[in-house]
Amino acid sequence: MYKNILIPVALDHAHDVAAAIDIARRLLETDGKIIALHVIEGIPQFAAVYLPDNYQEQQQSAAMELLKAELGKAEDVISEVVTGHAGRTIHEYAQKHDCDCIIVASHRPGFKDHFLGSTAAWVVRHSSCAVHVLK
């Protein structure tokens, strides 16, 4: 049983978030918490100067709305949206918030994944807590 479970949610991929939440609820201790996290890729500084001043805040606000819609009526799940490199940010978030389990969705690797690595593979290789991968 786990006390703090992190579920990374990629809003731009079609994964069954409800299945991850269901598994998290089964693995959760009575007084534990589930956190759904979406990571927005950071905008390089050279490109950010061409965007409106509040662009990043608008992106985070829109992502939060999409995340809450994706979670539906899962009121027991905490929603978080942060900016950074997906794999590294998930790993750092889990450490900072004392998550003892990460439930991450995976997909069949494409050609580019052999060179760049998928987010799920990055999380599995670098996380110090338990990682459950959903296919």
Side-chain angles (χ1 to χ4, degrees):
M1 300 294 273
Y2 300 103
K3 190 149 184 87
N4 295 316
I5 299 177
L6 180 63
I7 303 174
V9 178
L11 296 172
D12 54 347
H13 289 85
H15 294 294
D16 190 1
V17 177
I21 293 171
D22 183 49
I23 291 169
R25 286 179 178 147
R26 292 182 199 179
L27 297 173
L28 193 64
E29 289 182 7
T30 305
D31 59 342
K33 65 181 176 182
I34 301 171
I35 303 164
L37 177 72
H38 175 68
V39 180
I40 298 173
E41 288 288 331
I43 300 169
Q45 187 62 32
F46 69 87
V49 298
Y50 297 106
L51 299 172
D53 291 337
N54 61 349
Y55 180 79
Q56 193 69 26
E57 292 82 17
Q58 290 175 348
Q59 290 297 102
Q60 284 193 301
S61 178
M64 182 60 85
E65 288 180 29
L66 287 172
L67 180 59
K68 287 184 178 185
E70 186 76 30
L71 296 175
K73 297 181 181 184
E75 296 174 7
D76 58 332
V77 179
I78 299 165
S79 304
E80 292 278 349
V81 175
V82 295
T83 302
H85 173 271
R88 186 173 28 256
T89 303
I90 291 165
H91 168 68
E92 290 170 358
Y93 186 96
Q95 285 187 318
K96 183 177 179 182
H97 293 86
D98 296 321
C99 295
D100 47 1
C101 179
I102 300 171
I103 299 175
V104 63
S106 182
H107 65 282
R108 291 191 182 271
F111 184 71
K112 72 175 187 170
D113 292 319
H114 294 287
F115 294 106
L116 301 175
S118 70
T119 299
W122 203 100
V123 171
V124 168
R125 283 193 306 267
H126 293 90
S127 293
S128 55
C129 65
V131 178
H132 294 265
V133 180
L134 300 178
K135 283 194 152 212

Asker: Donor-acceptor check, side chain of S61 to backbone of E57, threshold 3.5 angstrom: yes or no?
Answerer: no
Asker: For the hydrophobic clusters of this structure (ILVMFWY residues joined by side-chain heavy atoms under 4.5 Å, transitively), does one cluster hold both V17 and I35?
Answerer: no
Asker: Between N4 and D100 (side chain of the first, backbone of the second, donor and acceptor by atom type, cut-off under 3.5 Å), is there such a pair?
Answerer: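 A pair under 3.5 Å: no.
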Asker: For the CG atom on N54, are there more than 12 heavy atoms of other groups (residues, nucleotides or ligands in this structure) within a distance under 6.0 Å?
Answerer: yes
Asker: Determine whether L37 and V104 fall in the same hydrophobic cluster, where Ile, Leu, Val, Met, Phe, Trp and Tyr are linked whenever their side-chain heavy atoms lie under 4.5 Å apart.
Answerer: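 Yes, because L37 and V104 connect within a single hydrophobic cluster, where side-chain heavy atoms sit under 4.5 Å apart.
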Asker: Rounded at 0.5 Å granularity, tell me how far CD1 in I78 sits from CG in L6.
Answerer: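 Taking CD1 in I78 and CG in L6, the distance rounds to 10.5 Å.
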Asker: Could you measure the distance from the CD1 atom of I5 to the CD atom of E29? Nearest 0.5 Å is fine.
Answerer: 9.0 Å
Asker: Calculate, to the nearest 0.5 Å, the distance between atoms NE2 and CD belonging to H85 and E92 respectively.
Answerer: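 Those atoms lie 10.0 Å apart.
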Asker: Can you tell me how far apart CD1 (I90) and CD1 (I102) are? Round to the nearest 0.5 Å.
Answerer: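 That separation rounds to 7.5 Å.
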Asker: Could you tell me the separation between the NZ atom of K3 and the NZ atom of K33, rounded to the nearest 0.5 Å?
Answerer: 9.5 Å
Asker: So, for A86 and V39, which heavy atoms are closest and what is the spacing to 0.1 Å?
Answerer: CA-CG1, 3.9 Å
Asker: Hey, quick one: are I23 and V9 part of the same hydrophobic cluster, counting side-chain heavy atoms closer than 4.5 Å, chains of contacts allowed?
Answerer: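 I23 clusters together with V9.
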Asker: Step by step, would you call Q56 with I40 a side chain to side chain contact (heavy atoms under 4.5 Å, CB included)?
Answerer: CA-CA 9 Å; Q56 193 69 26; I40 298 173; 4.2 Å; yes
Asker: When you look at D76 and R25, which way does the side chain to side chain contact (heavy atoms under 4.5 Å, CB included) test go after all the steps?
Answerer: CA-CA 9 Å; D76 58 332; R25 286 179 178 147; 2.7 Å; yes
Asker: What pair of heavy atoms forms the shortest contact from I21 to A74, and how long is it?
Answerer: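 The answer is CD1-CB, 4.1 Å.
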Asker: Mind listing the closest non-hydrogen atom pair of H91 and S127 along with its distance?
Answerer: ND1-CA, 3.5 Å
Asker: Please answer: with hydrophobic residues joined when any side-chain heavy atoms are less than 4.5 Å apart, are I34 and Y2 in the same cluster?
Answerer: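 Yes, same cluster.
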Asker: Nearest heavy-atom pair of S79 and L71: which atoms, and what distance?
Answerer: OG-CD1, 3.2 Å
Asker: Provide the closest heavy-atom pair for A36 versus L67 in the form atom of the first, atom of the second, distance.
Answerer: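 So the minimum-distance heavy-atom pair works out to O-CD2, 3.8 Å.
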Asker: Which heavy atom in A105 sits nearest to a heavy atom in A120, and how many Å separate them?
Answerer: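 Looking at all heavy atoms of both residues, the closest pair is O-CB, 3.6 Å.
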Asker: Side chain of H38, backbone of V81: donor and acceptor closer than 3.5 Å?
Answerer: no
Asker: How long is the straight-line distance from CG of D53 back to CD of Q58, given to the nearest 0.5 Å?
Answerer: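 Nearest 0.5 Å value for the CD-CG distance: 10.0 Å.
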Asker: With hydrophobic residues grouped by side-chain heavy-atom distances under 4.5 Å, do L27 and V133 end up in a single group?
Answerer: no
Asker: D16 and L134: side chain to side chain contact (heavy atoms under 4.5 Å, CB included), yes or no, with the steps?
Answerer: CA-CA 9 Å; D16 190 1; L134 300 178; over 6 Å; no
